Amino acid sequence: MSPIVFYHRCVAMKSTPGTAREVFLTFLQLGLTAFGGPTAHIGYFRRALVERRAWLSDAQFTHLLALCQFLPGPASSQLGFALGYERAGWRGAMAAFCAFTLPSAVMLFGFAQLALTLHSATGEALFKGLKLVAVVIVADALWGMSRQLCNDTRRRLIGLFAFGLLMTIQSGWAQWLVILLGALSGALWLTQAPAMPTETALRKPGKRVALILAAIAMVLLAVLPLLAQNGQPLFTLMDIFYRAGALVFGGGHVVLPLLEAPLIGSAALSESQFLTGYGIAQAVPGPLFTVAAFYGALFDTGMHSVIGATVALAAIFLPGFLLLAAVLPYWQRISAHPQLTNTLAGVNAAVVGILAAAWINPVVSASVVHWTDGLIALAGFAALRYWRLSPLWIIAGCVGATLGQVLLSA
């Protein structure tokens, strides 16, 4: 053990429990430097909080990670919220969320303002390159998820069925049907799922508080669609992002198809704006769900774009955090049932099909309009998947290629 690691462990043991300020500064550093998506974020958390600072043990970390992967919502952000709560209670949880989310949210809001004003040929080439980044990143996520979550014949069949259904039925409700069928298929058809980790000593809210939070989550899920029917754009925005955050499984990339139908289908955003935001989200550190700040800023609420961005951002994260706090006191009992693991495995296999359908439409269909676009995307995928280059290099390459096309044609 190095002297630096030993020092951090000693300080952590003496200062437990921690403070919200300590949590905020630690997660702000992570929010400014954590590139690479949800899987990479989990690795950053473990190195910073388990290995370096010893805020909790490996067993406790694994236990919280299993819970966040079990629940719908942004797993890495939920894990950060849970780690902040474990360290410094509710203040620590909010400090972790704000510090980890704020840097990327501010950057995406700034890009949204740029998207509203930049309409030159150079600007169009820039945004076209970012759309091709979305093609590459979603393809890479799909490749990795299919190998991990569809690793036997039955899971592959669930994924293929989900893909076929969504390519046949072009409707937002079909995604919820696919998730439900995936859960039923997992519970009734899949076998030999590994048992989830058993509980270790962790801070958790009281059961009464947990039930109140669960009730709030369910009431909002039921009431927001009714409020949105009144035609108030702000409630419509809140409903779209709250439902996406409440029902997304499989990580940040899967939020793409859940937002596609309500945002593009209702003409709130164009396909170009939608995919540009997703491409930009790959270029900033922090959680992918902060793309909500970009979409919310462009959504016409009749108010300042800051309000739209803030509402969308809060709405997409809120259900995941409410569910996390609601389930935490009961997690030991829930995780003792391996059948639930099979159910989750079925959902995850269906999620691969959902992401595959979204990759075809709208990601590829709206981005690859010429054979040169396909060549750029293929080169980017090879660089990311086989040459293991950073996503930042992929962004630079795709944008540089589309800008080069403009210069050559000028």
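Side-chain atoms are counted along with the backbone in the values below, which use heavy atoms only and exclude waters and symmetry mates. The shown structure was predicted, so the numbers you read here are calculated from the model rather than taken from an experiment.
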Practice problem: Walk me through it: do L126 and T402 pass the test side-chain contact (heavy atoms from CB on, under 4.5 Å)? | Solution: CA-CA 7 Å; L126 169 65; T402 54; over 6 Å; no
Self-check item: Residue pair L259, Y295: steps toward the side-chain contact (heavy atoms from CB on, under 4.5 Å) verdict
Solution: CA-CA 10 Å; L259 292 174; Y295 296 150; 4.1 Å; yes
Quiz item: Between W331 and F70, does the ring centroid distance fall short of 6.0 Å?
Solution: yes
Practice problem: Compare all side-chain heavy atoms of I158 with those of L190 and state whether any distance is below 4.5 angstrom. | Solution: yes
Quiz prompt | Shortest non-hydrogen separation from M167 to I360 and the atoms involved | solution = CE-CG2, 3.7 Å
Practice problem: State whether the number of non-hydrogen atoms from other residues, nucleotides or ligands found under 6.0 Å of R385 atom CZ is greater than 12. | Solution: yes
Quiz prompt | Backbone of A366 reached by a side-chain donor or acceptor of E271 within 3.5 Å | solution = no
Quiz item: Does any N or O in the side chain of S367 come within less than 3.5 Å of the main-chain N or O of V363, such that one atom is a donor and the other an acceptor?
Solution: yes
Practice problem: Would you check, one step at a time, whether the test side-chain contact (heavy atoms from CB on, under 4.5 Å) holds for L275 with L130? | Solution: CA-CA 8 Å; L275 294 173; L130 290 169; over 6 Å; no
Quiz prompt | Aromatic ring proximity, centroids under 6.0 angstrom, F81 and F321 | solution = yes
Quiz item: Are the side chain of Q273 and the backbone of S270 linked by a donor-acceptor contact shorter than 3.5 Å?
Solution: yes
Quiz item: Got I137 and L384 here, is their nearest side-chain heavy-atom distance under 4.5 Å?
Solution: yes
Quiz prompt | Aromatic contact, F317 with Y242 (centres under 6.0 Å) | solution = no
Quiz item: Would you find a donor on one side and an acceptor on the other, under 3.5 Å apart, between the side chain of S104 and the backbone of T101?
Solution: yes
Quiz item: CD/E86 to CG/L49 distance, rounded to the nearest 0.5 angstrom?
Solution: 11.0 Å
Quiz item: Under 3.5 Å, side chain of T236 to main-chain N/O of Q232, donor-acceptor pair present?
Solution: yes
Exercise. May I ask you to decide if Y85's main-chain N or O and R203's side chain share a donor-acceptor pair within less than 3.5 Å?
Key: yes
Quiz item: Closest approach of A112 and A297, non-hydrogen atoms and distance?
Solution: CB-CB, 3.7 Å
Quiz prompt | Minimum side-chain heavy-atom gap L247-P72 below 4.5 Å | solution = no
Quiz item: Shortest non-hydrogen contact from E260 to N361?
Solution: OE1-O, 3.6 Å
Quiz prompt | Student check: side-chain heavy atoms of T19 and E22 closer than 4.5 Å | solution = yes
Self-check item: Ring center gap for F111 and F127 short of 6.0 angstrom
Solution: no
Quiz item: Between the side chain of Q78 and the main-chain N/O of L324, is any donor-acceptor distance below 3.5 Å?
Solution: no
Quiz item: Which is it for F27 and F45 under the ring-ring contact (aromatic ring centres under 6.0 Å, His included) test, yes or no, and what are the steps along the way?
Solution: CA-CA 9 Å; F27 275 88; F45 290 162; 5.5 Å; yes
Quiz prompt | Check: R52 side chain, R47 main-chain N or O, donor-acceptor pair, under 3.5 Å | solution = no
Quiz item: What's the spacing between L220 CG and R243 CZ if we round to 0.5 Å?
Solution: 13.0 Å
Quiz item: Do you know which two heavy atoms are closest between C398 and G129, and how far apart they sit?
Solution: CB-O, 3.6 Å
Practice problem: Please report the shortest heavy-atom distance between L403 and A125, naming the atom on each side. | Solution: CD2-CB, 3.8 Å
Quiz item: If you measure from CG on L83 to CZ on R53, what distance do you get to the nearest 0.5 Å?
Solution: 12.0 Å
Quiz prompt | D300 side, atom CG; L269 side, atom CG - distance, nearest 0.5 Å | solution = 10.5 Å
Quiz prompt | Greater than 12 external heavy atoms within 6.0 Å of F235's CZ | solution = no
Practice problem: Report yes if some heavy atom in the side chain of Y278 is under 4.5 Å from a heavy atom in the side chain of V138; otherwise report no. | Solution: yes
Quiz prompt | Over 12 non-hydrogen atoms of neighbours within 6.0 angstrom of CH2 in W90 | solution = yes
Quiz item: Which heavy-atom pair separates V135 from W359 by the least distance, and what is that distance?
Solution: O-NE1, 3.0 Å
Quiz item: Do the side chains of L157 and W189 get nearer than 4.5 Å, heavy atoms only?
Solution: yes
Exercise. Would you check if F241 and V311 make a side-chain contact, meaning some heavy-atom pair closer than 4.5 Å?
Key: no
Quiz prompt | Residue of the set R156, R154, R155 for which salt bridge (charged side-chain N to carboxylate O under 4.0 Å, His left out) holds with D152 | solution = R155
Exercise. Please assess D373 against K131 for the test salt bridge (charged side-chain N to carboxylate O under 4.0 Å, His left out), listing each intermediate value before the final yes or no.
Key: CA-CA 10 Å; D373 300 332; K131 289 196 291 182; over 6 Å; no
Exercise. Kindly compute the distance separating CG (L313) from CG (L108), expressed to the nearest 0.5 Å.
Key: 9.0 Å
Practice problem: Indicate yes or no for a side-chain donor-acceptor contact from S76 to the backbone of H41 under 3.5 Å, with no hydrogens or angles considered. | Solution: no
Quiz prompt | Heavy-atom side-chain contact between L258 and W176 under 4.5 Å | solution = yes
Self-check item: Full working for side-chain contact (heavy atoms from CB on, under 4.5 Å) between L64 and L56
Solution: CA-CA 11 Å; L64 290 175; L56 70 171; 4.0 Å; yes
Self-check item: Spacing of I212 atom CD1 and I216 atom CD1 [to the nearest 0.5 Å]
Solution: 7.0 Å
Quiz prompt | Donor-acceptor under 3.5 Å (R91 side chain, A20 main chain) | solution = no
